[in-house]
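Numbered from 1 within each chain, the chains take letters A, B, ... in sequence-line order. What you see is a predicted model, and the numbers here were worked out from it, not measured in a lab. Every heavy atom of this structure was used, including side-chain atoms; hydrogens, water molecules and symmetry mates were not.
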Number of protein chains: 2
Amino acid sequence: MYTMSQAFRLKQSIEDAVIAGEFQPGDRLDEASLAERFGVSRTPIREALLQLGAEGFIDVRPRRGAIVSVPSPTRLFEMFETMAEIESACGRLAARRLTPDNDAAMEAAHRACETAARNGDSEQYYADNRNFHEAIYRASRNSFLADQAFALHKRLSAYRRIQLRARNRLLQSLQEHAGILEAIRAGDEQLAATRLHDHVLVQGERFSDMVLGLSPGGQSPAESRRQTAK
Amino acid sequence: MYTMSQAFRLKQSIEDAVIAGEFQPGDRLDEASLAERFGVSRTPIREALLQLGAEGFIDVRPRRGAIVSVPSPTRLFEMFETMAEIESACGRLAARRLTPDNDAAMEAAHRACETAARNGDSEQYYADNRNFHEAIYRASRNSFLADQAFALHKRLSAYRRIQLRARNRLLQSLQEHAGILEAIRAGDEQLAATRLHDHVLVQGERFSDMVLGLSPGGQSPAESRRQTAK
DNA sequence: ATTTCTGATCTTGCATACAATTACCATATG
DNA sequence: CATATGGTAATTGTATGCAAGATCAGAAAT
């Protein structure tokens, strides 16, 4: 559709640029330079930035401009923990409601991940991994929940990418995917939820650990590690 | 604070008006009349509306103006189901991490609900119920997750209110609260999650049933039509 | 009577102008 | 040397004007 407003397109473009890592956390998003870059006036740029701010994607500070959000280690851990809860909810529903279509979509995404992992192509794996997780969101057959999951996944993408660069993590991630898929297909809601939860949270913990070298008083990831035992 | 931008204040005002029911689902949010009403130009109004749209609170359709969202019965059910998943996640974490402070806050909110229920004051119960649930969100000790829960709770408030009017539902709700509190205090994550899930979802199911019985669109179209002329 | 077309009118989207606030930097001062 | 201070530049917030799309009423056609 070509009748879409510029502001909406700009919102998408800026979001893409942030996800692609062109603007990194902490970078300033100057209205004037963005306007020049995209060849429009400041008005639609402002509208795009404010919307991204409302979604939590960037941080717009009144009268002081917008920057790409810089969550504290604690905050980051909380975001991953929330992602873990939302994903496990998706997995639980998927296990309950799985249809052949959704099954096929997950299978295809999983195969793609497998190829990327075998080639050690972490950039490709990053993309395919996203597709795999999105296939699970859709398999929940709750489009609202899936939308929430998409949104949070996008917000965390900048942090996930860094962390997937470790080579052996790729293979481990792939194996976890296989286990998740197995549980969903078996219709085992509890197992699917647990496996997804751990899969997501281990990423968060690893990254938090990485960042947590300097910050004091943050919530220790180790503290929450014992959720598997019930 | 008086250094806050108008757009931000307007966003709050419009949101409040929607929650208060002044604008009902389906009502048009005309930029010009809102600008006149608040004594500002269209620019900050637009910015407020776009932000509310990004949060999912209202529905801004390109070139066709903003309206208060009118979720379909299916969508509404999905929203309640998602709320149930998020709340049960909060309950699970609360059971794991409960502190005396959070315990006391939940207790106080529960007592208030009890009084309101005994008096059959559904309007008061509506407010106290909100406090009780928010106390649980905070008890999760994950502020990001709690924020997500707050936001969704607000979006659903218009629909929850209607449904709490039934008198015996008040007492049943109160008893469910007691069971939830008990499970959290016992540190039983699984039980807390299940009870919260059911507590929230039963509301969603009841309301969805209610809407499904009516004509599609919920509120009568005749009433929304009146708003357009001025 | 219902549908389709057409032009007038209203509304939104964007650009520009200006006002208000913050950031910057050189200089003065203890 | 560190810290205040003043003024200027840079940036954000709001108002206004105009163009393009959407809405609506009434006439024409089936």
Could you state the atom-to-atom distance from CD of B:E36 to P of D:dA15 in whole Å?
14 Å
Taking atom C1' of C:dG13 as reference, at what distance in whole Å does atom CG of A:L50 sit?
15 Å
Between B:A32 and A:R64, who's closer to the 5' end of DNA chain C by nearest nucleotide?
B:A32
Within the 3.5 Å criterion, strictly below it, is a donor on B:H110 or B:D128 matched to an acceptor on the partner's side chain?
no
Under 3.5 Å, is there a donor-acceptor pair between the B:S143 and A:R75 side chains?
yes
I want to confirm an ordering. Mapping A:A7 and A:R28 to their closest nucleotides on DNA chain C, which one lands closer to the 5' end?
A:A7
Between A:T99 and A:N102: side-chain donor-acceptor atoms closer than 3.5 Å:
yes
Under 3.5 Å side-chain donor-acceptor pair for A:E87 and A:Y137
yes
Check the interface with nucleotides 16-19 of chain C: list each N/O to N/O pair with the protein under 3.5 Å, or write none.
from: C:dT16; atom 1: O4; to: A:T43; atom 2: OG1; distance (Å): 3.3

In this structure, how many angstroms lie between the P atom of D:dG17 and the CD atom of B:E31, rounded?
17 Å
To the nearest angstrom, how far is B:Q51 atom CD from D:dG13 atom P?
10 Å
Just how far, in rounded Å, is C1' of D:dT12 from CG of A:L49?
11 Å
Heavy-atom closest pair, residues B:H153 and B:M83
N-SD, 3.7 Å
Starting at CD of B:Q6 and ending at P of D:dT12, how long is that distance when rounded to a whole Å?
18 Å
Return the minimal non-hydrogen interatomic distance between B:R42 and B:A35, and the atom names on each side.
N-CB, 4.1 Å
Strictly below 4.0 Å, N to O, side chains only: are A:R92 and B:E85 in salt-bridge contact?
yes
Flag, side chain of B:E78 to backbone of A:F144, donor-acceptor distance under 3.5 Å
yes
Starting at atom CZ of B:R61, determine the distance to atom P of C:dG13, rounded to an integer number of angstrom.
11 Å
Atom CG of A:D30 and atom P of C:dT22 are separated, to the nearest Å, by 17 Å
Angle between the end axes of the helix from C:dA1-D:dT30 to C:dG30-D:dC1, five pairs per end, to the nearest 10 degrees?
30°
For the pair A:R61 (side chain) and A:A66 (backbone), establish whether a donor and an acceptor sit closer than 3.5 Å, ignoring hydrogens and angles.
no
